[in-house]
Structures are given as C-alpha cells and as structure tokens.
Amino acid sequence: MSRYNHREVEPKWREAWGRADLYRALSPEEAGDRPKYYTFEMFPYPSGRIHVGHSRNYAMGDVVARYRRAKGYNVLHPMGWDAFGLPAENAAIERKTHPKAWTYENIAAMKSQLQLLGLSLDWSREIATCDPSYYKHQQAMFLAFWKKGLAYRKKQKVNWDPVDQTVLANEQVEDGRGWRSGALVETRELEQWVFRVTAYADDLLDAIATLDKWPDKVRLMQANWIGKSQGAKFRFEIIGPPAPSPATTSAGEGAGGPNTIEVFTTRPDTLFGASFVALAPDHPLTKKIAADRKDVADFIAKAGQLGTSEADIEKAEKFGVNLGIKVRHPFDESWELPVYAANFVLSTYGTGAIFGSPAGDQRDLDFARKYGLPVQPVVLPPGAAAATHVIEKEAYVGDGVIYNSRFLDGHTTKEAIPLAIAELKKRGAGEATTQYRLRDWGVSRQRYWGCPIPAIHCAKCGVVPVPEKDLPVALPDDVSFDKPGNPLEHHPTWKHVACPQCGGEAKRETDTLDTFVDSSWYYARYTDPTNEAQPFDKKLAAYWLPADQYVGGVEHAVLHLLYARFFARAMRDCGFLDLPGGEPIASLFTQGMVTHETYKSAAGKWLGPEEIERTAAGATELATKQAVEIGQIEKMSKSKKNVIDLDAFVTEYGADVARWFVLSDSPPERDVEWTDAGVQGAWRFVQRVWTLVEEHNAPAPKPGQAPPPGANEGEALALRQTAHRTIAAVTDAIEGFRFNGAVAKCYELVNAIAKAKGANDPALMFARGEALAILAQLIAPFMPHLAEEAWSKLGLEPFVAVARHLIPSSPPSTPSPCPSRSTASGGAKSASPRARRRQKSAKKP
RNA sequence: GCGAGCGUGGCGAAACUGGUAGACGCAGCGGACUUAAAAUCCGUUCGCCGCAAGGCGGUGCGGGUUCAACUCCCGCCGCUCGCACCA
C-alpha cells in the first residue's frame, strides 16, 4: 500500500495530457456534430506571481470546461494576458527595468504557475494584449470606429496630476491628491479620444432583458449605470439685465441659446410649484457672472472645495448664491423666478441647470427653506385633503393628484406629465427628452505602456488617421522614464512623422488607449487568435460566439462588462462581427474571493502566514518571537501579505488539494476562507480516495459489462444506486454552479464505498469497482490528476479527462428521490429549478 | 438616502416546487491500533428532560397565511455589497 504521491502523479499526467493534445479546441470542421462550448475566465493582469486566491476563478472555469468536454462538447477554454497597464510603468520607474521585459517575465512566471494547476486550457490560443499582433487589430478597429463616428475627439474635464504630468482616473485620486505624487489634482480640459457608448444606450439597456443567464445584481447595476430617465428639456427666458451675448461668451452653448436657461426635469407636472431656477457652480452662465461678482466667484470656489467622498456628500449642506437675474415661468409670462447657482446641481448631468419645485423634491425643499423661497404644494397624496395638506420638512415625491396648478388640476401625476410637455411644446419652450447617466467613454491616456492611438496631428490637415497599411503603430522600445509625463511625448523621434495626407511635418498622437479597450474584445480574438489579416474571421467568431460561460469577479460588473457589450455592437456595425443576438456573453458567473486572516507584527508591519506561528490562542512572529496581532479576514492581497504562494502549496499538497479546497465548503459566489484545517480536510480526502482505489486492487467493470449475479440485490444494489444517484446529483450541482454541493455528494459516495466491505463477494466487488470508476469520473473536473491516476489504476482506458461514458449498465431503478435523473452522461440535461434561479433570473431590471 | 442581497449548530454550510431542519466538511468528544505519537479506522456531536424507548424546544425578533413555513406575506433589528445631491 503506497501513499498517493502527488509530486510524481501530477506532473506525469500533465505531461501525458500535453502529449495527447487533449485540450485543443477543434475547428468547426473537426468538431463535426459535436456542439461547441466556449467557456473562459477573466484574463489576468500579469502583475507578478499568482497565489492560491487567484486559483479559485480558474478552478471554477476548469470545472465547467472539463465537465462539458466529458459531455462531448467541442470546448474552447482559452487563456491570455491583460498585459498593458500602469504597474509595468511603475515597475520601470522603481526597478529600472523596461515595462516590456517586466511584463513578459511576469507572463512567463504566471503561465508556469497556471500550468501547475492542471487547467485544461488550450494554450495554442494564448494572447497578450501588449503584443503588436494583437493591438494592430485594435488599431484597425479604432480606425473603423472613427470612420463610423463611434470614436471622436472631445474636450473633456480630466483629473490632471501636475507633478506626474498625466491624467488620473477617478480611482487614482485620493482626497483630491494624486495617489503617486501626492500633488493636488487639478481639473483640466483636454482634447480626448472618446468612444460613443451613448449611441447604444437604449440597446445596451433593453438587451439586458435578454441576459437571462447573468446575475440579477449585475444586470441591475448595468441598468442603473446607464440610468435612463424620461422627462422634458425646456427653456426659461431670461428677463432683465442683458444676458451675455454669444459674441463675448460661450455661455449660451448647449444651454439653449443666449437669452434662455435650459433645464432638464423628470417632473414637468410640478411646474406650477416652481419657485426658483438653479445652475451648477460651473455652468457657463455662473462662470460668466462670477467674472463681475466676487460673491459668485467665492461661491464657486467654496462649492469646488467640497470633497467628493461619500461622507462629504452625505453631510454637505445645500447652499447657493442669488445670481441677480430673473426668468419667466414658461406657462405664465408675468411669473418671475429668481436664478441661483447651487452646489447640489451637477454640471455633468442633464443641462447643468434645474428648476426648483420644493414641495416635490427634498433637495429643492432644503434649499428653499434656507433661502426663504416659496413652497407651494402641487401634488396631493392619496387620501390627503387639499385644505389640510402641508409640506414642512419633508417633500412629497410620490404620485398623487395635481392641484394648485391651473390647467393640470385634477389630473394624476402620470397624466399631468405628458400634458405639461404638450403645453411646453405648444409654447415653443421645450420638448420631451430622454436623459442618460451613461456618458461616452474617454479612452485617451497619457501613458507609454498601452496601445498607441493610430492618429496623426497635422497643422494643415487636422487630425488624420494612420493609413491601415502602416499598422501597427508600434510602441518604441527605447524610452526613458527619467522625466515625469508620457515617455512617448519625450521620445526624440517617434512622434515626428509626415502627414499621410499632405506629406508635411506632422506629429503622432502620443496618447495610448485605456487598457479597458484591450479587454473589450479579447473574447472574440480567442476564436481566431493567430489571424494576421483581420482581428478574427467572421465565420469562426460566429461559430464560437456568444461565449457560453464567463467566470470572473463582480468588481467588473459594470465597466469591463459594459464595454465588452459596447464593443460587440460597434464591431458588428463596423462589419467585423456577425452576432445576431448582439450579446457576446451568454452566461456570466461572478465568483467570490478567497480570504485569509491578516497578521500585524508588534512593529505594525503586515506579516505573511509563513512568517508566523499560529496556535489556537494566538500567533507569534517566527523571527522575533513576539506576539502578533490577528486582524480581519480579508481578500488575499499582496499589500496585506495574507497570501499563500501557489508554488509552495502545490509542492507540499498538490494542485488537486488546492482546487478541491477552494471549491468546497462555500458556495462559489460567496467568499471562502482559506484555513489550514480546511486544507487538511481536502488532503485527507485525496488520500482516502486513493486508499480505496488501491484497496480495491482490481479492474473496474468495462463499459457494457454485464453485472454478475447478486449485483442487483442487497448491499451491492444499494451501493450501485448510491453511485448512480451521485452521478445525477453531481451533474445537477455542476450545472447549477453549486460546486460545494458537488463536493459534498462526492464525500457521500466515498463514505458509501468505504462502508461496503466484502472483498470476496463478486457482486460487491463489481459494485465497488463501478462506484470507484464513477467516483473518478465525477471528481475529474475538480481533481483531474487524482482522477486520472485512479482511472488508470482501475484499468480503464486513458483519459478520464475526455471519457464520455462509463456506466456498464444501470441498476434496476427503485423509487428514489430523483427518479428522473438516471442518465449518467451524454445528452443535454437541464438544471434543477433552483440551479436555474442561481444562474438566471426571470426578473427584469 | 436609493437599490440589491443575506441572517440556520462551536465554525464553513445543506435543505431542489411549502413537506423528516442541520446533508457534507472542519473543530470537539469517546474508542481501536501503537511502547508512545503522527497517520488511519470506528463511534458520537443543535439544546433541554430521560438509563432507555421517547418527549419537548429550536432557522435574527414580532405577527400572519397554511394540514404543514428556514422557505410565502406584513412590520422591526442586524450585517454585506453596489450607486450616490442624476433633477
């Protein structure tokens, strides 16, 4: 009896799988009538090394891939690298390496780590977004988008770090300071490249209803992000002091003309409750007036000072300043309303101006109370009486019947909205409109390590596209990070080029694309990763897409997944892609993280688990023997050092133990805490399975082999039934993404096999052999090495990784809890209702 | 503030369509093997009463619907996540 030696077994099978080329996705021709199945996990950023926390994501994807392969699908399970990005430049600055060298070293290291896990990936399709053979197609698509008007240039406000001389993303601004330099961030208007995501706002929103295999949470977050509001845009006519003329100011631009203020509202039904108009602090008219009025300028400064953190907004008091101008009510020429600038009005939403109807909006009410403005209730809540209904400190925002509102009186709020809009239209003051929270996507980054934007700036011809034959616009290797700012800008020669149109002196665009662009279409590149002529062959993309399953973290619920959906539409409309349903990803699963305790030394430094000794009572630092503070259980991260290194773990326990453990215990969508005890449990299970296989010491029954007499009665029958029911249960659990449930069922089967003793009973031997073979097949998606070794030991043909059937013959069925689920393999099977609910949802966002 | 989700043993969790609450794992306890330990194996483990058979209570709290509620409805309490002055 030998102990299971993962150090020999695991490499042996990985090599055998590689030799047999088991995981290569078949071409449509090779696949014949096998249905396709495309499953992938969010590709990693090559930041260095992976730890066991990362492995969960890939382990889940691998379960799906191996399960589908075993069911006879032609599986595409690719992997690649989201290889552009800021950390490579930081490394270059800090360690004097080159971003490219750093990135490719990390890719090599992480690839060998992923391979240790025994993932059934098709490495022949590996892609790296920093490879010119990848980004050249991205540049071609950029040009197509540009031609189609989906990419354009726009002046945009950006966070500018004056020390690093670069644009910062909102996430990189902490307390108004750049996260690296610590410099106070300035707001600058820069000419930026922008993708017209809003062109698809309605489609992106409506199609969420078709994403019935996406988590509700994600669908809702996307819907909220798009933020569609129906309402009206209309103009107030300015009275009194002459408004700034278009000749002297741009104030009128986009604000409805020189003598008007345009506002957006979702509640035109409350117009008779209006008591003021308010502009954003940075509304053009506010700024114009501030030029002559110190109090207004002071107000703008004060409003700008307020932090943008959640707590700040929570506490921020509403305040404003009277701009000293008046406007006419659109429904009554004689009704004048004062105009304020107010800190709670956003310049980035709607028109940057609102009308205040205090009885129906809490913010307006707070503001009106502060400045002594009238509060006229116009909506009567159900059950309230007009004579007694008053607004004190709480606005009434609900539905009701309109009163105090002339021609709208007596109508419900729902009826009054179109009536008010019709009246605005009749008077030429406004019209119905739809407003989105979604904004176009600014993709320019003043960075080196990104995809160059294929554009050339010519003094004569303007902004000119790089001719397609000149693609790729490759990044120069000889760059220096000595100076702050974008190395491409400092490069002595790179940016100097001839204008493709007039041949005169011109300057290359030195901005690079946001790395979210790189990850917006990689799912399509996987379908044809080596195509040099085009991003991918339309037919291949049509064969594989939409991807059947995508697994990744919920932190990408909005941006990445929304951009991916945008790209699918843009690529379709530019002729790159045939995707009838429009959606590139059919089913999404968002997995939970792996967490671990954190440790802090007496000196206040984070310590890794390998630096301490943990006992039930507490922990001590190995180096100093001092007590260690045990902190929160948090997501494994380098910064907190609460990570378990993958290589060391695999050497000690094996990849199967890591894979099994991260999928046990907790439901996949929930976090799982990495504990030594849990690892021990997984380790024990591996040993236990192996011991059973070795003890059995006989070949498993061959497919089709008839059971011996007695196999269908007594203990043998009971074991056979348990085994066959486990097939159904595990199948169901995998389809429903309940891997913890599948694990539990495998434990039960092992317990049942261990109990069924009797080596001299041929019937029982048959049942045990059958059950062990079933077990090997069931654990194969989770612990592929152990499964393969067991399969081989049971005398079965390699490989369990691609074995499609096993059952010699089904035992006679007796009434069981799941009588309808006796099919073992082959044939599509539907998940249980609960499983469906976990993955899909009937609810509309 | 708005939206979503969750709350079950000492712990991670099961419980499918309303039908035996706590599967499975961890930790614990008792035992076997061993000079001893590790490993392994067997038994046991929600609480209370009982020698036992068995009984009673129990899924955050309070109500309700039902023959039957962890599950459905109403109202609270607590936690987590997302968004955040979006007119």
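Chain letters run A, B, ... following the sequence lines, proteins first and then strands; every chain starts at 1.
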(request) Indicate, yes or no, whether a donor-acceptor pair under 3.5 Å links the base of B/rC85 to the side chain of A/K318. (result)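 Counting by modelled atom types and ignoring angles, a donor-acceptor contact under 3.5 Å is found here.
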
(request) Could you please name the option among B/rA84, B/rG3, B/rA14 that lies closest to any side-chain atom of A/L220? (result) B/rG3

(message) By nearest atom, which of the nucleotides B/rG43, B/rC86, B/rA13 is closest to the A/Y349 side chain?
(response) B/rC86

Tell me, please, which residues at least two apart from [X] pass side chain to side chain donor-acceptor pair (under 3.5 Å).
X      : result
A/Y747 : A/W660
A/E634 : A/K640
A/D202 : A/K228, A/Y436

(request) Send over the distance from A/K217 NZ to B/rC81 P, rounded to a whole Å. (result) 10 Å

Side chains of residues 676-685 of chain A: which donor-acceptor pairs under 3.5 Å do they make with residues two or more places apart or in other chains?
unit_1 : atom_1 : unit_2 : atom_2 : d
A/Q680 : NE2    : A/Y653 : OH     : 3.1

(message) Please classify the nucleic acid contact of A/T266 as base, sugar-phosphate, or nothing, using heavy-atom distances under 4.0 Å.
(response) sugar-phosphate

(message) Go nucleotide by nucleotide along RNA chain B from the 5' end; which of A/M221 and A/A353 gets its closest nucleotide reached first?
(response)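 Its nearest nucleotide being more 5', the pick is A/M221.
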
(message) Let me spell it out: for each of A/V345 and A/V672, pick the nucleotide of RNA chain B with the closest heavy atom. Which residue's pick is nearer the 5' end?
(response) A/V672

(request) Could you check if the base of B/rG9 is syn or anti? Syn means the glycosidic torsion is within 90 degrees of 0. (result) syn

(message) What I want to find out is whether A/R219 reaches A/D216 closely enough, with some N-O distance under 4.0 Å, to be called a salt bridge.
(response)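 Result for this pair is yes, salt bridge flagged.
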
Pairs: protein N or O with nucleotides 22-26 of chain B N or O, under 3.5 Å:
unit_1 : atom_1 : unit_2 : atom_2 : d
B/rA23 : O2'    : A/E748 : OE2    : 2.8
B/rG25 : OP1    : A/N751 : ND2    : 3.4
B/rC26 : OP1    : A/R684 : NE     : 3.3
B/rC26 : OP1    : A/R684 : NH2    : 2.9

(request) May I ask you to evaluate whether A/T691 reaches the phosphate of B/rU40, defined as a side-chain N or O under 4.0 Å from OP1 or OP2? (result) no

(message) Tell me every residue that passes salt bridge (charged side-chain N to carboxylate O under 4.0 Å, His left out) with A/E431, counting only those two or more places apart in sequence or in another chain.
(response)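 Partners of A/E431 under the salt bridge (charged side-chain N to carboxylate O under 4.0 Å, His left out) test: A/R235.
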
(request) Please determine, for B/rC2, whether a Watson-Crick or G-U wobble partner exists with both distances under 3.5 Å, and give it or none. (result) B/rG82

